[in-house]
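Just so it is clear, the structure is predicted and the values come from calculations on it, not from any experiment.
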Amino acid sequence: MMSDTPSSRKRTEIDVSRILFEHYAGTEAPCVVVFCGIHGNEKAGIKAVQRMMPFLKKGMLKGSLYVLTGNIPALINDQRFIDMDLNRVWSRNMTSLNAAKQKRISENRDRKEILGIISDIRKQVLGPLYFIDVHTTSAASIPFITIDDALINRRFTKVFPVPVVLGIEEYLHGALLSFINQMGFVSLGFEAGRHDDEQAVCNAESFLYLVLDVAKIAVLEERTLALHKERLQRLTLGRRHFYEVIYRYGIQEGEQFTMRPGFRNFQPVKKGRELAESNGKVIRAGKDRVIFMPLYQQQGEDGFFFVRRIPSWVLGLSALFRLLRLDAVLAWLPGVSWIDGEKQGLRVDLKTASFMAKSVFHFLGYREVVEDEDHLLVYNRERIARKERYPLRYSRP
């Protein structure tokens, strides 16, 4: 179905072929697509898959599996990206860059090749289709999952023994997984740990084995399943909570930003704690917060985030309201209307938006926000989710 080009067969200490592994099990079989190295300084996913190759090549897979590399030039040069972050170029409008500018951007070739492969897979797979993007972080971190806030994503991810962070799509525009989720498919990011930590490779390996089992791509022996589950449980202390992103510190062009050393993901910080320095000015926590994704690398536009835990009852009630499609009530409000006939999102007058709590939109599944001069455009994943292709419940791990 797919073939890599000669330039994609270059080698560093890892395999940077566009297609690391592929196995097609038929149209109706479940399928998992794994992305590794979307950022060129994040190689744990590739190393984990290389460790898994003896198992993958045994011919025991019951479903389809494709493992793809992301930013090949950046991987070869061991840097996050060459010209543009490959995880920020997947907007709803893929033609937003003019042709001349696209030719000058190294990442455009990777994007086009990956998009072509995704298109091929979509045509050949009619069963459950899962997209997994393996990352690492510049800060010390326990392993965790990030998702766009859709019920099909929640159901799949809640069985894994790691924290789940949702709502990041509201702050990171043009992410690959958000683009895929807009097609209605399950998609999630797995953050395995710190970039240069060998433990991150082990975490990525364990998570991918669990994914194969939960998605019914392969059936693991009980002993193997327990080993990989215990590894992740031990590191996360059994935490299986859901969190949501509530704040992002964005680094402006030309800004001199330096994170204070020693912060790690999910670390509580007290009000007044020094977090970073911007152009010589100290940035402090305005309230007691939980810090997330502090930046400890040269490339990147996200200084840090704050997250908070979501109570279980809130998750349950919001799921019920979404299943009942109570979001339709919002369209009756003055200054609010559907964006299109398919009701994929709402157009909200800015004056109306100023009186409505953001949490109301979040509760009903509206998180991706685009703003023009007079309106907010808020999009809902539930109305485009291909729910009929996915189980209502998952068993194991």
Crowding at [atom1], [X] (>12 non-hydrogen neighbours, <6.0 Å):
X      : atom1 : answer
Arg386 : CZ    : yes
Glu388 : CD    : yes
Lys387 : NZ    : yes
Arg234 : CZ    : yes
Met60  : CE    : no
Gln79  : CD    : yes

Heavy-atom pair with the smallest gap, counting every atom of [X] and [Y]:
X      : Y      : answer
Glu255 : Tyr249 : OE2-OH, 2.5 Å
Ala331 : Leu346 : CB-CD2, 4.1 Å
Ala44  : Ala204 : O-CB, 4.2 Å
Leu295 : Gln297 : CD1-CG, 3.4 Å
Cys31  : Ile121 : SG-CG2, 4.1 Å
Ser178 : Asp148 : OG-OD2, 2.9 Å

Could you verify whether a donor N or O on one side chain and an acceptor N or O on the other, from [X] and [Y], lie under 3.5 Å apart?
X      : Y      : value
His195 : Asp197 : no
Asn181 : Asn153 : yes
His241 : Arg309 : yes
Thr236 : Arg231 : no
Asp120 : Gln124 : no
Glu107 : Asn71  : yes
Asn380 : Arg383 : no

Between the side chains of [Y] and [X], is the shortest nitrogen-to-carboxylate-oxygen separation below 4.0 Å, so that they form an ion pair?
X      : Y      : answer
Arg325 : Asp327 : no
Arg260 : Glu277 : yes
Arg273 : Asp288 : no
Arg80  : Asp85  : yes

[X] side chain near [Y] side chain, heavy-atom distance below 4.5 Å:
X      : Y      : result
Arg155 : Tyr390 : no
Leu220 : Phe55  : yes
Lys158 : Val164 : no
Ser318 : Arg154 : yes
Met293 : Glu191 : yes
Ile38  : His135 : yes
Val348 : Val378 : yes

Geometric class of the [Y]/[X] ring pair [parallel <30°, tilted 30-60°, perpendicular >60°]:
X      : Y      : value
Phe306 : Phe304 : tilted
Phe305 : Tyr171 : perpendicular
Phe131 : Phe35  : parallel

**Asked** When the aromatic ring centroids of Phe363 and Phe321 are compared, is their separation below 6.0 Å?
**Response** yes
**Message:** With clusters defined by side-chain heavy atoms of hydrophobic residues (ILVMFWY) lying less than 4.5 Å apart, directly or transitively, does Leu176 cluster with Val245?
**Reply:** no
**Request:** Take Asp15 and Lys47, measure what salt bridge (charged side-chain N to carboxylate O under 4.0 Å, His left out) needs, and give me the verdict at the end.
**Result:** CA-CA 8 Å; Asp15 188 347; Lys47 294 177 180 178; over 6 Å; no
**Request:** Would you give the length of the straight line joining atom CZ of Arg88 to atom CG of Asp302, rounded to the nearest 0.5 angstrom?
**Result:** 5.0 Å
